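Worth saying up front: this structure is predicted, and the values here are computed from it rather than measured. Residue numbers run from 1 in the order of the sequence given. In each ligand, atom 1 is the first atom listed, and ligand 1 is the first ligand listed.
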Amino acid sequence: MNPRYDILFEPVAIGPVTAPNRFYQVPHASGMTEANPRIRAAFRETKAEGGWGVVSTGAVSIHPSSDDSPLPFARLWDDNDIRSHALTTEAVHRHGALAAIELWHGGAAVMNRTTRVPPLSPSGVPWAATHVGFMGHQRPRTMSEADLRQVIDWQVAAARRARSAGFDIVYVYAGMGYLGYEFLLPEYNRRTDAYGGSMENRARFVRQLLEATRDAVGADCGVALRVSLEELRGRPSETHESEAHELVDLLADVPDLWDVKMDSSPTDCGASRFRPEGAHEPVIDFVRRVTDRPVVGVGRFTSPDTMASQVKRGVLDLIGAARASIADPFLPAKIREGREDDIRECIGCNICISSWHDGVPVRCTQNATAGEEWRRNWHPERFEPAGSDGPVLVVGGGPAGLEAALVLARRGYAVSLADRREELGGRLLFETALPGLAGWARVQHYRLNALQQMANVELYPGSELGADDVLAMQHPHVAVATGSRWTRSLWSPLEIPAGHLERPGVYTPDDLAAGAEPEGPVLVFDFDNYYLGGVLAEHLADRGLDVHYATPAGHASAWTIMTNEQPFVHQALQKHGVGLSTLVRLAAFDGRQATLENIFDGQVHTHLCRSVLLVGHREPEDALVRALQQRQDEWSDAGITSVQAVGDARAPGAIVHAVYSGQEYARLLESRDATRWLRDQPVTPESVDEAYPDASSPVRSVT
Ligand code: ADP
Ligand code: SF4
């Protein structure tokens, strides 16, 4: 290990427990609930195995009045939920890490759709400002003092259950719009009793939650406070630099650990397109000066130098990570082994957070094994040996081809990777040169760096392969990862395909990637609705063109609400002077003007433009795979046993899908585990757990 990083491996005391090092996987949503406890345990265990000294759960509801459905959330409502969590603590402890649990009450930010309990809040003010603004209509009721005492009792009961389940650190949560946080902000807390008014009063409920938790489990468990400070930091205080300073001062030595963060998901879990590594520092940098308790914070840290600097400069004691630990669960181990160049760095695309919004277990662009550790037996660092000696040919060096080649090579196959372009990276080469996307180049850099060091890999850039070439190369297995192409097709308002717009002046992203320069003014018509349409509008505006963006959706880059990018997309377009039309379809373009039609009332307006950039539908680039399939009778002479389309050539998708497809192809090829796809099920008091036999009963008895 580089001695510069020794500091990261120092132990840190958190109340009665000690973290073995400073790598702290903070609580983060994983989409894993009591419905899939083995998937959850294996996901968290992999991080402990990879060297994270503390591994936390995501939010764990303490009572049915905190029900986030349809968003996935974990639960510790009664003793029957203890065993389910014990799977995780046992798994984490196997590797010497501490297990932390984020006990959570959502207050007015949850809608209790399943339990149908009226949400609780300090003053009946709804949490309407969530970034998933379409999520609910239920308004909260105002808590009486008896309600407050009851929530504290629920927290205590949950803390005791958490201890019984084996957790070492127990959280009180006062962040991100949830109940504790609502008490801190006067806009949500209009109370005139001892819990409202001054900062001291507004902090009283959080203080009582902390004290009650400490009284209940503090002899055995560290008690952590997770608090959002962004809003309070901006507010003046009569006695302190800001209300955030005042709050931390008031509660300085009440928790054993301060876990400090931002207030809303788009700022807390900011996408790299708009927020750099370490973006939280200006908000949370003061906390460590006000309290002598350890402080953990995040910032999508992937560089060990940045991490060491955070500790040395006195910003943080523990390096918190959610995304960095998803993208590379073995990040600490790689630093410890002096292999920091092997770290698979998070790219900040926020596909992980979109999985939570989608209501499914976490997916990661960089780490295709995330969430598949138990179900498919995919370990991020261990690979089943190759099923035969035969070399594998991978055609296409985009994310799918690179991932397939790397995993195949790690399994021990001899791999030939060919791409027609002089540089490997596929779609990433063009896209990562666009505004805000440079950080995504880590997808190809990580894989290429690894491939270039492997003796069993031959890279053939600048090599376009046709069916004759592939047959002549005589590789038993051929993965065709030749990508996809953007089409000029259009869709009707009823979402039925509606022909193609084929005429001069109409471009696709592929044309721009190939160097075409549209004449301005340009209309970008986007019904792909992910990032590319918005990014290309910025790109063209950067080139000095007059750009207008139109979409049938209600927002620009509408799907990016799932990745926390959406609020910033509109800001970026405005900053670039890009005009915006929503809820329209492109009805016609004659080379001088485009006809845009409102999707609801058909009202037409024309937009003067010389070019149209269509960002809509993609089709697989599968000519090679089809040509090879047609010549199947020649395979045995060529020594070929399998030909398979991979990534976009199989089914176009986002980069995360291409990487996953490459991983899946390489894992399943001649694999003993080819059919493994386990179904998880809830842990019931009666269930015998084969995967985690040690954890089939609570670790400590319920007290
Ligand atoms: P994916 O996202 O599925 O990885 P990409 O479009 O990013 O797909 O990458 C596909 C790659 O395949 C591109 O770099 C392209 O140059 C390459 N390619 C396509 N057809 C051929 C071919 N016949 N021979 C070699 N390389 C090809
Ligand atoms: Fe990072 Fe993207 Fe993976 Fe999330 S999905 S951990 S942002 S690489």
Using ring centroids (six-membered ring only for Trp), state whether Y665 and H477 fall under 6.0 Å. no
Which protein non-hydrogen atom lies closest to atom 8 (O) of ligand 1, naming both residue and atom, and how far is it? G483 CA, 3.2 Å
Residues S557 and E565: side-chain donor-acceptor under 3.5 angstrom: no
Looking only at protein heavy atoms, what sits closest to atom 26 (N) of ligand 1 is R420 N, 3.0 Å
Quick one: does ligand 1 sit under 4.0 Å from the side chain of A481, the backbone, both or neither, non-hydrogen atoms only? backbone
Ligand 1 atoms in contact with E464 (distance to a heavy atom under 4.0 Å): 24 (N), 25 (C)
Which atoms from ligand 1 have a heavy atom of G647 less than 4.0 Å away? 3 (O)
Could you tell me the residue and atom name of the protein heavy atom closest to atom 8 (S) of ligand 2, and the distance to it rounded to 0.1 Å? I347 N, 3.4 Å
Shortest heavy-atom approach to atom 23 (N) of ligand 1 - which of L428, L465, V625: L465
Per-atom contacts of ligand 2 with T365, taking only distances under 4.0 Å to non-hydrogen atoms: 3 (Fe), 5 (S)
Are W491 and H617 an aromatic pair by the rule of ring centers under 6.0 Å? yes
Can you tell me how the ring of F568 sits relative to the ring of F274, calling it parallel under 30°, perpendicular over 60° and tilted otherwise? tilted
CZ (R447) and CZ (R344) are apart, to the nearest 0.5 Å, by 7.0 Å
Show which atoms of ligand 1 fall inside a sub-4.0 Å distance from at least one heavy-atom site of G426. 7 (O), 9 (O), 13 (C), 14 (O)
Here the atoms of ligand 2 under 4.0 Å from any heavy atom belonging to I351 are 5 (S)
Output the distance between atom CZ (R631) and atom CD (Q629), rounded to the nearest 0.5 Å. 13.0 Å
Nearest heavy atom to atom 17 (C) of ligand 1 wins, so pick from V395, D648, V394, D419. D419
I'd like to know whether ligand 1 has E621 as a neighbour, heavy-atom separation below 4.0 Å. no
For the pair K261 and D268, find out whether any cationic side-chain nitrogen is under 4.0 Å from an anionic carboxylate oxygen. yes
How far is atom 4 (Fe) of ligand 2 from its nearest protein heavy atom, and which residue and atom is that? C352 SG, 2.3 Å
Please identify which atoms of ligand 1 are closer than 4.0 Å to at least one heavy atom of R427. 2 (O), 5 (P), 7 (O)
Salt-bridge test for E381 and K334: reply yes if a basic N is under 4.0 Å from a carboxylate O, no otherwise. yes
Taking only heavy atoms of G396, which atoms of ligand 1 are found under 4.0 Å from at least one of them? 11 (C), 12 (O), 17 (C)
N, O or S from C364 under 2.8 Å to atom 2 (Fe) of ligand 2: no
Does the shortest distance from atom 1 (Fe) of ligand 2 to an N/O/S atom of C346 fall below 2.8 Å? yes
So CD of E277 and SG of C346: to nearest 0.5 Å the spacing works out to 9.5 Å
So which protein heavy atom does atom 2 (Fe) of ligand 2 come closest to, and at what separation? C349 SG, 2.4 Å
What protein heavy atom is closest to atom 6 (S) of ligand 2, reported as residue, atom name and distance in Å? R323 O, 3.3 Å
Rounded distance [0.5 Å steps], OG1 in T508 versus CG in L501: 11.5 Å
Students should be able to answer this: which protein heavy-atom is nearest to atom 4 (O) of ligand 1, and at what distance? A400 N, 2.8 Å
Considering only heavy atoms from C-beta outward, does the side chain of S642 approach that of L669 to under 4.5 Å? yes
The protein heavy atom nearest to atom 7 (S) of ligand 2 is N350 N, 3.1 Å
Between R411 and E670, does any side-chain N to carboxylate O distance fall below 4.0 Å? no
Atoms of ligand 2 close to G348 [distance to a heavy atom under 4.0 angstrom, numbered from 1]: 1 (Fe), 7 (S)
Check this for me: does any side-chain nitrogen of one of R488 and D511 sit under 4.0 Å from a carboxylate oxygen of the other? yes
4.0 Å heavy-atom contact, S463 with ligand 1: yes
Geometric class of the Y530/W559 ring pair [parallel <30°, tilted 30-60°, perpendicular >60°]: perpendicular
How does P399 reach ligand 1, if at all, at less than 4.0 Å between non-hydrogen atoms: by side chain, backbone, both, or neither? both
Considering only NZ, NE, NH1 and NH2 on the basic side and carboxylate oxygens on the acidic side, decide whether R375 and E372 come within less than 4.0 Å. yes
Atom 21 (C) of ligand 1 [closest protein heavy-atom partner, distance rounded to 0.1 Å]: T482 CG2, 3.5 Å
